[in-house]
Amino acid sequence: MPADAVRVLEAALADAAGAEVALERPGDPSHGDYATNVALRLAGARRQPPRTIAEELVEKALGLPAVERAEVAGPGFVNLWLEPAWYGDALAGILAAGEHYGGGSAATPERVQVELVSANPTGPIVVSAARNGAYGDCVARLLAFAGHEVEREYYYNDAGTQMERFRASVEAARRGEEAPDDGYRGAYVAELAADPGDPVPEMLHRIEASLERFRIHFDSWALQSELELRLPEFLPRLETYERDGALWLRSGAYGDDKDQVVIRSAEKGGLPTYRAADIVYLADKLGRRFDRAIYVLGADHHGTRNWYAAIARMLGFDPGRVEVLLYQFVHLVRGGETTKMSKRAGDLVTLDELIDEVGVDAARWYLVNRDHDQTIEIDVDLAAEKSRKNPVYYVQYAHARIASILRNAEASTVSALSSEAEPPAELAVEERDLIKRLAEFPTLVAEATERRAPHALPNYAIQLADDFHRFYHEHKVLGSEAEPFRLALVTATQTVLARSLDLVGVDAPDRM
RNA sequence: GCGCCCGUAGCUCAGCGGACAGAGCGACGGCCUUCUAAGCCGUGGGUCGGAGGUUCGAAUCCUCCCGGGCGCACCA
């Protein structure tokens, strides 16, 4: 049994219709288990009334073993009611796939690098960088689940102007002076000043620790200073010119908003700009290491989209291999008050503070549960609340409840699951709804992956938990007539809940 | 001025071509001798920013307008 029962049914119907068929779940239960609009779509091309096409499809659909009832509705929808056997097969397919259910959707697996966070080590990770991390890490998780080979890299500037200001601020603190006007301040500067030597490695160490705590692990770290040294080896492949004493890249001719300075003029110091490192870095990624390079950047960097595409083209790479994923900003709300954060001001909200306050699970949940293109407000008070009000715990609770049922079940019954998962003659609505929800998962994950939109997962997890809680409330699993089937159902639900949470980076506890 | 993103219930946001638009919070009312009540059920609440257009069908696609966020450094 293939793992995706809906696609199997779609394929059978497509065969009957002679065209692609997409099934959807009608909002109104009286419109069947599934419905399709093919007849409406085909009407124009076939020069036939949609209802006529729908009638024919209904006839053919009734010939399929999975279909219990089919009828034409409205302007030409085909509504389908499915046999319990279909639900049984769907469930068996999920159990057979186990924790791989919904995964492996990549048509051609690639080597993908996701470069994320990449905040310069001038201070602790703040909340907007945390969104970068949460979002980027979830995209990486999705890609890996789809079958790609994924590496996470952190890139940072260890030598530029900002770093000099940072070092100068720490130096000033060591001398007991105020930070320069354009410098950095805050308790962490004083802490770093207490130890002698370069504060950058220690700052990086702290950042890594925060991110590990946030369940983001980096495979590698890249330094701007090392990359920019290699600019000369790529210069022959680039179109450059001198103006006002600086070396410019003709990126404007390749789709960038304008040309960019790569090496500063002598009076500005004569050093390479960060764009020099960008070029080397991209050439290195696409030339040797990866099929695809993904950059996760804040919305204020949207201009870099054209920049990266331009240098890819100039270097002779397909710009389609470069993706710049942007996310909008985060505001924290506490007691109804919005916290504005700026990096140089002292009153920033750090990732560690957020985790201390709401926990890793809630922090990750709230940072990825919205569209990355949406500016978000996180209600810290709600996120911190361990109650029914908080969707994170609502979902985790469903998982824990199932774990509890499984603990109480006979071990022998649980181990024999798949073979005894015969569905009862009559399925309750709650059972049908739950299986249909589980059946949505592969499509949902594949879409979330393609669209780089992990926020679909927490939203799905809420719906799945919802379906489960309703089922749980109405039906007894242990000791019921349909115990083997329901144990199978509940096991599959637990697997999918756990996967949904895992893709978001949230724990799936067995007890709460 | 040019460019990117967003305007959906009192608030925070899902939905992004289909049949009467959803969730959480907030407000109000029910349900625990039952596998975890961190649960379930119910009530109230929306001209989907506005105007045109495409389509059998638009919150969803296109154009324009209004409102908000963010960019347009020899900073990163």
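Residue numbering restarts at 1 for every chain, and letters A, B, ... go by the order of the sequence lines.
- Both distances falling under 3.5 Å, in either a Watson-Crick or a G-U wobble arrangement, place rG39(B) opposite rC31(B).
- A 3.5 Å limit on both hydrogen-bonding distances identifies rC6(B) as the Watson-Crick or G-U partner of rG67(B).
- In the interface, the side chain of Y393(A) is not paired with the base of rA38(B) through any donor and acceptor atom under 3.5 Å apart.
- When both pairing distances are held under 3.5 Å, rG44(B) makes no Watson-Crick or G-U pair with any nucleotide shown.
- Candidate nucleotides rG18(B), rA37(B), rG3(B) were compared by shortest atom distance to the side chain of R41(A), and rG18(B) ranks first.
- Under the Watson-Crick or G-U wobble criterion, with both distances below 3.5 Å, rU54(B) has no partner in any strand shown.
- Between the side chains of Q374(A) and Y327(A), not a single donor N or O lies within less than 3.5 Å of an accepting N or O.
- Across all strands shown, rA59(B) forms no Watson-Crick or G-U wobble pair with both distances under 3.5 Å.
- Remark: rG22(B) base-pairs with rC13(B). Criterion, Watson-Crick or G-U wobble with two distances under 3.5 Å.
- Minimum atom distance to the side chain of E24(A) is reached by rG18(B), of the listed rC74(B), rG18(B), rG39(B).
- Heavy-atom nearest nucleotides on RNA chain B were determined for A403(A) and for A456(A), and the one closer to the 5' end corresponds to A456(A).
- For the pair N369(A) and H473(A), both in contact range of RNA chain B, the more 5′-proximal nearest nucleotide belongs to N369(A).
- In this structure, D510(A) reaches the bases: a heavy-atom distance under 4.0 Å links it to at least one base atom across the strands shown.
- Side-chain atoms of D257(A) and N306(A) include a donor-acceptor pair closer than 3.5 Å.
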